[in-house]
Amino acid sequence: MAAINAPRGTRDILPSESWKWSHIIKTASETMMDFGFSEVHLPIFEHTELFSRGVGETTDIVEKEMYTFNDRGGRSITLRPEATAGVMRAAIENNLCVQGASAKIWNWGPMFRHERPQKGRYRQFYQIDAECLGIASAMADVEVIALSIEIFRRLGLKNLEVVINSVGCEKCRPVYRQKLIDYFSSHKSELCETCLTRLERNPLRILDCKNESCGRVADNAPDIFDSLCSECREHFAEVRAGLERLGFTYTLNKRLVRGLDYYTKTAYEILSGDLGSQNAVAGGGRYDNLASAIGGGKIPGVGFACGLDRVALVMEQQGCSFGKMPNTDVYVASLGDDSRGAVQILTYELRKNNIRSECDTSGKSFKSQMKIAGTCKFACIIGADEIANNTVSVKNLSDGSQVNIPVNEAVNYLKENL
RNA sequence: GUGAGUGUAGCGCAAUUGGUUAGAGCUUCGGAUUGUGGUUCCGGCGGUUGAGGGUUCAAGUCCCUUCACUCACCCCA
């Protein structure tokens with residue numbers, strides 16, 4: 001019978017890699033706490049409507065990338081393609097932002113998009129996500145950007161580029177949108193096929209097109225900053241001032257357009273040159289219209305998502321430290337089958353006392369057990385002599401020294417010498 | 001969805017222009033005067049060469065199909 005393999009775009013994070021992920025999550029978690037963000041656990045699937053209304057009907061995500069199916073009750077369900085819509089839904093549903101209250105929450109977990117896999121892109125991928133809800137001030141934008149930068153700083157990532165832009169709000173974006181339509185309409189012959197459809201559905205996205213010809217046309221396109229309303233202009237200036245106040249360097253990219261409809265005002269990405277073509281390790285921005293789009297009234301928000309898979313990739317590439325690899329400290333070896341019971345008892349005793357211990361459970365020879373013990377710091381050896389005297393021989397495997405001590409002193413001895 | 005590249009042992013690889021029984025290394029397992037690991041030495045396990053078909057006296061090698069993986073486009077984390 002043919003073996004079954006993991007579906008395309010999914011993969012197994014095995015022990016050799018998972019401990020590195022744990023380090024990243026732990027670092028992110030500590031940083032989140034330092035910034036006043038609390039962790040939440042949310043559903044991995046939601047009603048399809050949440051994303052079609054929240055993320056936007058004409059976005060790539062909703063149009064062609066969602067894992068959508070009908071459940072047994074006939075409801076249309078979608079595996080979350082991104083985190084923000086779900087977070088906002090939860091905030092609304094649980095009244096986290098009523099009466100002027102705000103919420104700073106983070107979570108991490110798998111997201112799902114049906115795309116062709118490539119370097120740094122999977123169909124099931126993992127994001128660390130932080131959202132600051134209920135605060136309209138630019139200071140919140142700065143805080144969120146600073147948070148993402150701080151996580152990367154602690155992880156030791158190098159050569160990152162912070163790119164920011166403003167995409168306007170519901171007042172000024174339609175104005176800019178119309179300007180773009182007017183402009184690009186007079187250059188239709190120079191646009192690629194997909195951009196021609198974007199012209200009608202989402203003209204801002206033409207700015208982001210990497211097609212050479214479209215790029216040339218976009219170079220001379222109307223500047224978004226000329227169209228920003230005074231509020232958006234001021235907000236963006238405050239964000240920039242805040243970033244500079246904290247000493248961050250960033251670049252301005254007027255062509256940075258997020259693929260999700262809910263973004264307003266601030267949009268930003270953090271890029272790494274050590275990834276392949278998919279070079280964003282984090283991206284986010286402000287989304288003051290998301291709440292109303294999913295029926296939750298006016299709740300401003302700003303946040304970011306960070307690609308865990310990609311962060312791990314960059315760290316590996318740059319030789320960053322993942323901390324100490326977890327290892328067994330003590331191996332308890334049985335010399336002769338008669339001592340296997342005593343070995344099991346001692347091993348359990350060590351484990352109850354938080355000493356990372358291992359013993360053989362498969363009937364290996366003493367020699368084999370000692371071979372495995374070689375990767376540990378200490379070996380506890382129990383044979384006929386030890387049983388007779390109620391002792392254990394403890395061998396320091398780094399210098400080869402060995403002592404024979406009463407079994408009931410093993411825990412203290414090891415705790416003192418580990 | 002489109003394009004390009006790659007599929008040989010658990011892993012990374014080798015195999016003259018198509019030519020005997022597809023090979024080492026690492027890993028793993030076992031052993032080297034019966035109570036002591038890392039180094040060393042010896043040995044064992046391990047493959048329908050991704051799958052299917054075709055050309056040929058002969059295919060890991062050439063052709064077709066298919067599957068998988070990788071990278072890129074699109075877009076994003």
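- Side-chain N/O atoms of A:S277 include none lying less than 4.0 angstrom from OP1 or OP2 on B:C71.
- Whole-Å rounding puts the A:D12 CG to B:G10 P distance at 17 Å.
- Atom-to-atom, CH2 of A:W106 to P of B:A77 comes out at 19 Å; the value is rounded to the nearest Å.
- Below the 3.5 angstrom threshold, one finds no donor paired with an acceptor across the side chain of A:Q369 and the base of B:U36.
- If you check B:A68, B:G37, B:C71 against the side chain of A:K371, the one that comes closest is B:G37.
- Between A:R116 and A:E65 there is no salt bridge, since no side-chain N of the basic residue sits under 4.0 Å from a carboxylate O of the acidic one.
- As judged by a 4.0 angstrom heavy-atom cut-off over every strand, A:K119 is placed among residues touching the sugar-phosphate backbone only.
- Within the 4.0 angstrom heavy-atom criterion, no nucleotide atom of any strand lies near A:E82.
- Under 4.0 Å is where a charged nitrogen must lie from a carboxylate oxygen, and between A:K265 and A:D141 no such pair does.
- Comparing A:P7 and A:R121 by the nucleotide of RNA chain B that holds the closest heavy atom to each, the one mapping nearer the 5' end is A:P7.
- Nearest to the side chain of A:L335, among B:G35, B:G30, B:G37, sits B:G35.
- At a cut-off of 3.5 angstrom, the base of B:G35 holds at least one donor-acceptor pair with the side chain of A:E386.
- Nearest heavy atom pair, residue A:F51 against residue A:E46, reads CE1-CB, 3.7 Å.
- No contact: A:T375 has no heavy atom under 4.0 Å from any strand.
- Remark: A:K377 engages A:D329 in a salt bridge, criterion side-chain N to carboxylate O under 4.0 Å.
- Using a 4.0 Å heavy-atom criterion, one finds that A:R113 contacts the bases of the nucleic acid, with or without backbone contacts as well.
- Checked against B:A77, B:G37, B:C73, the side chain of A:Q278 finds its nearest nucleotide in B:C73.
- Closest to the A:A384 side chain, of the nucleotides B:C74, B:G35, B:G1, is B:G35.
- Mapping A:Y122 and A:N396 onto RNA chain B by nearest heavy atom places A:N396 at the nucleotide closer to the 5' end.
- For B:G3 and B:G46, the C1' atoms lie 38 Å apart once the distance is rounded to whole Å.
- Across all strands shown, A:D385 has heavy atoms under 4.0 Å from base atoms, whether or not it also approaches the sugar-phosphate.
- Salt bridge A:D129/A:R80: absent, no basic N to carboxylate O contact under 4.0 Å.
- The listed nucleotides are B:A77, B:G35, B:G37; the one nearest the side chain of A:K367 is B:G37.
- A:S334 and A:Q369 share a side-chain donor-acceptor pair at under 3.5 Å.
- Spacing of C1' atoms, B:U56 relative to B:G10, comes out at 35 Å, to the nearest Å.
- Distances from the side chain of A:Q127 to the nucleotides B:A68, B:G1, B:A77 place B:A77 closest.
- No contact: A:G336 has no heavy atom under 4.0 Å from any strand.
- At the heavy-atom level, A:S368 lies under 4.0 Å from the strands shown only through sugar-phosphate atoms.
- Contact annotation for A:G400: base contact, defined as any heavy-atom pair under 4.0 Å involving a base atom.
- Between B:A4 and B:A9, the two P atoms lie 27 Å apart (nearest whole Å).
- For A:R8, the side-chain atoms get nearest to B:C69 when compared with the rest of B:A77, B:C69, B:U36.
- Ion pair A:E150/A:R153 flagged as a salt bridge, since at least one NZ, NE, NH1 or NH2 atom sits closer than 4.0 Å to an Asp/Glu carboxylate oxygen.
- The side chain of A:Q118 contributes an N or O atom lying less than 4.0 Å from OP1 or OP2 of B:A72.
- Distance, A:N5 CG to B:G50 C1': 11 Å, rounded to whole Å.
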